[in-house]
Each structure stands twice: as structure tokens, then as C-alpha cells.
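Since the structure comes first, as C-alpha cells, the remarks are kept for the end.
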Amino acid sequence: MSVRTRFAPSPTGYLHVGGLRTALYAFLFARQHHGTFILRIEDTDQSRKVEGATEKLIEALQWAGVEFDEGPGKEGAYGPYIQSQRLPIYHAHVNRLVEEGKAYRCFCTAERLEQLRASGATMYDRHCRSIPAAEAKRRVEAGDPHVVRMVVPESGEVRFHDEVRGDVEIACATIDDQVLLKTDGFPTYHLAVVVDDHSMAVSHVIRGEEWLPSTPKHILLYQYFGWEIPKFAHLPLLLNPDKSKLSKRQGDVAVEDYRAKGYLKEAMVNFIAFLGWNPGDEREIFSMEELIRDFSIERVGKAGAVFNIDKLNWMNQQHIKAMPASAVLPLIRPTLAARGWDTFSDEYMRSVIDLMKERVVVTDDFVNTCPYFYEAPSVYDEASRAKNWKPETPAMMRSLKDRLAALTAFDAASIEAALRSTAEELKVGAGKLIHPMRLAISGAANGPSLFHLAEVLGREQVLGRMERALEVLQ
RNA sequence: GGCGCUAUCGUCUAGCGGUUAGGACGGAGCCCUCUCAAGGCUUAAACACGGGUUCGAUUCCCGUUAGCGCUACCA
């Protein structure tokens with residue numbers, strides 16, 4: 001049997017990081033088994049329609065490198081892949097269930113259900129289960145609004161094996177007569193997921209733990225239809241720092257947010273994969289290819305995992321350091337452009353990136369933490385100025401500047417040699433020149449190696465900035 | 001309330017009966033050093049509780065507790 005997995009989000013307008021993790025696991029599993037990964041849009045709630053949501057979802061998935069083989073825009077043999085386009089399929093199936101007595105039409109009004117609940121009932125009282133078929137048919141033909149509910153046995157239990165949790169057992173007496181078809185003719189999740197997973201030949205249902213309690217209903221439906229039951233794997237939830245289910249209000253949950261902040265897709269995928277899974281050894285930095293190779297459902301944990309931004313930051317840094325400057329460059333061009341700094345050559349930018357690589361957390365830092373690569377400083381760090389720009393400093397800077405001007409080669413080694421010999425001649429420690437010079441050419445108290453910084457900036461910039469500092473920093 | 005799931009350092013986790021309970025992030029300290037980083041080294045920090053089973057439980061079983069999830073004509 002070939003492996004077919006799917007990610008079946010409802011289009012809410014953005015891709016939740018928890019959703020990305022679910023999608024990633026389903027994707028990794030499918031790829032590893034040379035199977036098929038499907039994207040299916042579960043848009044059966046008309047009241048929650050969001051314009052452009054599907055497009056955004058697909059874009060976020062593609063950004064992360066979680067590519068689906070079948071789905072909207074990639075029609076395979078099992079489409080359509082958008083549930084709102086599959087209504088006739090659900091109707092046919094639900095009718096079959098009604099005819100076979102495995103589901104029934106329910107004419108109860110919202111008011112009645114509300115009263116029922118208000119009176120303390122925790123489940124539907126099955127009031128319409130006993131309506132004779134002929135009467136139900138008559139009422140349907142008369143246009144009576146109604147839903148279709150599944151018949152749940154009153155006793156016994158449903159057992160199933162979950163790939164991550166083991167055997168699970170739930171008493172039928174605690175399962176409600178679930179609505180399958182809503183008054184508006186749309187299926188509920190429970191009907192649609194079963195019909196679609198079966199008709200799309202899904203072999204492994206990999207989804208969030210929030211679906212575990214309703215899985216027995218799905219099992220029952222598979223049995224009613226006489227279908228083979230797929231394997232289930234319910235993933236642990238992603239949590240807020242306070243351990244509640246990950247949600248906005250407590251930070252960013254949309255993968256687009258992280259992308260916009262300058263997190264690498266490689267880091268995002270690596271980090272999220274490790275929230276609930278690990279290879280069993282001490283490796284932590286994984287590429288998508290390595291994840292596909294080593295992932296296994298057996299090693300997925302059962303407990304929820306807190307989304308820890310500190311670890312993500314570290315991981316992002318690790319991936320940035322491992323990435324060649326030429327690969328980083330296209331990622332920061334837009335950020336540069338937004339600040340009007342898109343005039344620098346690729347060669348210059350690659351030097352900047354190599355220098356900044358290991359002091360950056362997100363890619364935006366290549367722009368925001370080191371503006372001095374893009375324009376001369378207009379303000380100078382006050383603390384550094386107080387500490388390093390002494391009355392005797394200007395004279396020393398003048399000598400240093402003259403030495404630098406006379407250099408034949410303006411590279412880091414030559415600059416360093418010039419500075420150190422100047423310091424020696426002036427009988428002061430090199431720090432007496434290094435710190436003021438850094439302040440003069442960058443305006444900042446810290447940053448990359450001064451000599452390399454000067455080399456990248458170039459002689460003209462360095463000399464000009466030193467002159468300017470001598471004027472400004474009296 | 002009912003049902004279900006879960007439970008190792010603050011966080012992510014390794015562990016699949018006998019370990020000095022390991023690693024990573026974060027914290028602290030030291031080293032390196034022109035600053036900031038990066039890197040290296042060191043260090044503090046955990047088996048929720050109570051019963052069993054067993055020669056022996058972090059590990060298996062049962063309770064308790066706690067957390068979370070579900071309990072919609074939302075997914």
C-alpha cells in the first residue's frame with residue numbers, strides 16, 4: 001500500500017506554526033516513504049470564509065519548503081481538493097447512511113437544543129432518531145430545515161490504535177449523535193474528513209491531538225461505510241510559555257510573522273521539527289533532506305511542547321552562520337531597499353555579510369544592527385565617546401589618519417600593522433587608538449573586528465569619517 | 001461537570017529495569033580577545049506524589065495530583 005498523507009487546514013487567513021508542524025510531519029513521512037503528500041482545504045464553515053486565505057496558506061507552505069504533490073492548483077486523480085467543491089460527494093454519502101439507518105434527519109431547532117443544554121444535558125437527546133422514515137421524508141420534501149446526525153450505538157466501546165499514543169478506548173455512551181450535514185447543506189468536519197480521507201486514499205491521518213476525542217466518531221463512520229480504516233497519528237500540541245495551546249495574544253503564531261522578522265525557513269523547519277520529535281542522538285541542526293531521511297513517527301513524543309523563542313533564535317543563528325553569503329544576500333536585499341540602501345554591489349554586501357554573520361540573530365540584523373556599512377555615522381555612541389574620546393585623542397587620530405592615508409594596500413593586515421606601530425610610536429596601548437577609531441568610523445561602541453571593518457569600508461570612507469569625527473567630537 | 005491525553009533540569013529533550021540520570025537553549029563563571037559576537041572549558045538545575053510488581057524502579061501496573069485538550073449545525 002502506498003503512503004498518502006495530507007495536511008487539511010481550514011483557511012483562516014494565515015498558517016499557524018502548529019499547522020506548519022503538522023504539515024511538516026505529514027510531508028516528511030510521505031517523502032520518506034516515497035509516498036504522496038496532499039493539501040486539502042477544509043472550508044466547510046461558510047461563516048468563517050476569509051478572502052485569499054488559501055493562497056496565503058499555499059504561499060507559506062511553499063516558503064517553508066513543504067511542497068504538496070496534490071492539492072489546489074495541482075490537481076491529481078483525487079480532486080477537487082477544496083471541500084466546498086465536493087458537496088455532491090458528501091450528499092451522496094450521507095444519503096446512503098440515512099437509507100441504511102446509520103444516520104437520521106434531525107429537525108430540532110437551535111432553540112430546542114439550547115434549552116436542552118440549559119437543562120443540563122451534555123449530549124443531544126436523540127429526539128429525532130425515532131421519527132419514522134416516511135414522516136422524515138415528508139418533512140424534508142415540505143422543506144423543513146434539518147440536519148443529518150449519525151447514529152451512535154448506546155453501548156459498547158470504540159477502540160483504535162494511535163501511532164503515537166498506543167491503544168485508545170472510548171465508551172460509545174459518551175459519544176454524541178454527531179451532526180454530519182448542516183442545515184446549509186455543508187458537511188461538518190467529521191463527515192467531510194472521513195469521506196475525503198477515504199476517497200483520496202489517505203493511508204495515514206497525521207493531525208493534532210485536539211482531534212483525538214473525536215476519532216471514535218470517525219472510526220464509526222468508516223465502519224458504517226465499510227471502509228478500511230487508515231492509520232492515525234495524533235501529534236502533541238504546541239504550547240504557549242504558560243502551557244496553554246499555542247495562540248496569538250501570547251506572541252506570534254503565523255509563520256508569515258517569523259518570515260517577516262528575518263527567520264530563515266531552514267531554521268523554522270528545523271526548530272519546529274524538534275518540537276515533538278528528535279533523532280535519538282545528539283544532533284540538532286538538520287536540513288530538510290536530513291529530516292526526511294531520519295524522521296520517524298515512533299520517535300514522536302506524546303507531551304505538548306512549549307514554543308521557545310530563545311532556542312529558535314539560536315537555531316536561526318546556526319543556520320545563518322552555515323549559509324554562504326551569496327545565499328543570504330537575496331534575503332536582505334528587500335530590507336536594504338526599504339531603507340534606501342539598495343545601491344551596494346553584491347561583492348560589497350558579501351563582505352558585510354561575512355563580517356556580520358556571527359553577530360546576527362535574524363536576517364534583518366544585517367541591516368538594522370550595522371547601519372554604518374551603508375552610511376556614515378551622524379551620531380556617536382555617548383558611552384563610548386565618554387570613555388574613549390579623551391582630550392589627547394584627536395592628536396593621536398590625526399597621526400593614525402596620516403599613516404592610513406599613506407598605506408599602499410588598504411587591507412586588514414596592513415591597517416592593523418599601521419595602527420599598532422602608530423600606537424607604539426605614541427607610546428600608548430593599541431586600545432587607545434582602536435576604540436576611538438571604531439567610534440569615529442562606525443559611531444558605534446561595538447561591532448566586527450575594526451581592521452576588517454575598515455577594509456570593507458575602504459580607504460576613502462575611513463579617512464573621510466575620521467576627518468568628520470575629528471570635527472564633530474571636539 | 002463528563003470524556004480523553006499527558007507528566008525527566010526554567011524550556012526542548014535522551015533514557016525503552018541496574019546510568020555518577022546524558023545533550024541542547026537559556027543562566028552563572030573562566031578562557032580567547034580591539035569592542036560586540038562567535039568559539040572553547042567549567043558550573044548550578046530534573047525523574048510530581050503514593051502504592052504495588054520485582055533482588056532492583058525514572059523506566060512496568062494502579063491510584064492521586066496537576067496541566068492540557070475535547071465536550072458546536074467551528075475546524
Side-chain angles (χ1 to χ4, degrees), chain A residues 8-12 42-48 83 106 108-110 113 117 120 122-124 145-149 162 164-165 168-171 173-176 178-190 192-193 207-216 234 236-237 239 241-245 271 274-285 299 301-315 317-318 321 356-361 369-370 381 384 387-388 416 419-420 429-435 437-439 442 444-451 453:
Chain A
S10 60
T12 54
E42 310 230 326
D43 60 343
T44 55
D45 186 353
Q46 292 206 288
S47 64
R48 296 211 299 187
Q83 290 185 330
C106 169
C108 290
T109 59
L113 295 177
R117 271 189 288 269
T122 58
M123 295 199 289
Y124 176 57
H146 64 279
V147 301
V148 175
R149 290 180 182 271
D162 187 273
V164 348
R165 271 149 232 287
V168 181
E169 179 181 310
I170 292 181
T174 66
I175 306 173
D176 210 350
Q178 181 64 47
V179 171
L180 299 178
L181 198 71
K182 303 184 250 183
T183 306
D184 65 3
F186 276 70
T188 57
Y189 172 83
H190 307 285
V193 76
R207 77 223 305 192
E209 190 188 351
E210 67 268 31
W211 296 111
L212 194 62
S214 48
T215 304
H234 288 94
L237 262 19
L239 274 22
D242 72 356
K243 304 260 189 178
S244 58
K245 185 171 162 182
F271 175 65
F274 270 66
L275 254 25
W277 174 84
N278 74 82
D281 54 39
E282 270 154 20
R283 293 171 297 158
E284 291 213 90
I285 301 302
R299 293 201 61 83
K302 303 180 212 279
V306 173
F307 188 93
N308 180 212
I309 196 81
D310 282 331
K311 186 88 177 239
L312 205 214
N313 285 338
W314 172 79
M315 210 164 247
Q317 193 169 219
Q318 295 302 309
K321 283 201 299 175
M356 290 303 295
K357 232 180 200 179
E358 51 197 30
R359 33 207 119 219
V360 121
V361 172
T369 67
C370 50
D381 183 88
S384 174
K387 188 175 177 218
N388 301 310
E416 177 164 10
L419 182 140
R420 291 196 187 279
K432 289 272 185 256
L433 298 182
I434 288 171
H435 299 299
M437 179 171 165
R438 173 187 303 286
L439 182 66
S442 77
N446 47 47
S449 148
L450 174 70
F451 310 116
L453 170 63

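The structure displayed is predicted, hence computed values, not measured ones. The sequence lines fix the lettering, A, B, ..., with proteins before strands; numbering per chain opens at 1.
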### Query
Closest nucleotide of RNA chain B for A/D281 versus for A/T188: which of these residues is on the 5' side?
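Here A/D281 is the residue nearer the 5' end.
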### Message
Let me spell it out: for each of A/E282 and A/F274, pick the nucleotide of RNA chain B with the closest heavy atom. Which residue's pick is nearer the 5' end?
### Response
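That would be A/F274.
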### Message
Closer than 4.0 angstrom, basic N to acidic O: yes or no for A/D281 and A/R283?
### Response
yes
I want to verify a distance call: between [options], whose nearest atom is closest to the [X] side chain?
X      : options                : value
A/K302 : B/rA75, B/rU6, B/rA24  : B/rU6
A/W314 : B/rU13, B/rA75, B/rA24 : B/rA24
A/R299 : B/rU13, B/rA75, B/rG15 : B/rG15
A/L237 : B/rA14, B/rA72, B/rC68 : B/rC68
A/D310 : B/rC70, B/rA38, B/rG26 : B/rG26
A/R165 : B/rC5, B/rC34, B/rA14  : B/rC5
A/R359 : B/rA75, B/rC5, B/rU35  : B/rU35
A/E210 : B/rG26, B/rC34, B/rG69 : B/rG69
A/R149 : B/rC73, B/rG4, B/rA75  : B/rC73
A/T174 : B/rC3, B/rG69, B/rU35  : B/rC3

Starting at atom [atom1] of [X], determine the distance to atom [atom2] of [N], rounded to an integer number of angstrom.
X      : N      : atom1 : atom2 : value
A/W277 : B/rA24 : CH2   : C1'   : 14 Å
A/N278 : B/rU11 : CG    : P     : 17 Å
A/F307 : B/rC25 : CZ    : P     : 18 Å
A/D176 : B/rA72 : CG    : P     : 7 Å
A/K311 : B/rG27 : NZ    : P     : 13 Å
A/H234 : B/rC68 : NE2   : C1'   : 16 Å
A/R48  : B/rA72 : CZ    : C1'   : 11 Å
A/L439 : B/rU35 : CG    : C1'   : 11 Å

Expressed as a whole number of Å, how far does the [atom1] atom of [N] sit from that of [M]?
N      : M      : atom1 : result
B/rU13 : B/rA7  : C1'   : 14 Å
B/rC25 : B/rG39 : P     : 8 Å
B/rC41 : B/rC60 : P     : 34 Å
B/rC3  : B/rA21 : C1'   : 35 Å
B/rA46 : B/rG22 : C1'   : 12 Å

### Query
In terms of the angle between their ring planes, are A/H190 and A/W211 parallel, tilted or perpendicular, with boundaries placed at 30° and 60°?
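Taking A/W211 first and then A/H190, their aromatic rings stand perpendicular (interplane angle over 60°).
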Are OP1 or OP2 of [N] and a side-chain N or O of [X] less than 4.0 angstrom apart?
X      : N      : result
A/K182 : B/rA72 : no
A/K245 : B/rC70 : yes
A/Q317 : B/rG39 : no

### Message
If we ignore hydrogens and angles and just use 3.5 Å, is the side chain of A/R299 paired with the main-chain N or O of A/W277 as donor and acceptor?
### Response
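Not confirmed, A/R299 side chain does not pair with A/W277 backbone.
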### Query
Can you list the steps and then say if A/L450 with A/L419 is a side-chain contact (heavy atoms from CB on, under 4.5 Å)?
CA-CA 11 Å; A/L450 174 70; A/L419 182 140; 4.2 Å; yes
### Query
Pick one: which of A/R207, A/E210, A/E209 meets side-chain hydrogen bond (donor to acceptor under 3.5 Å, both in side chains) with A/H234?
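In the set A/R207, A/E210, A/E209, the residue that makes a side-chain hydrogen bond (donor to acceptor under 3.5 Å, both in side chains) with A/H234 is A/R207.
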### Task
Confirm from the modelled atom types if A/S244 and B/rC68 form a donor-acceptor pair under 3.5 Å, side chain to base only.
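Per atom types, no contact qualifies.
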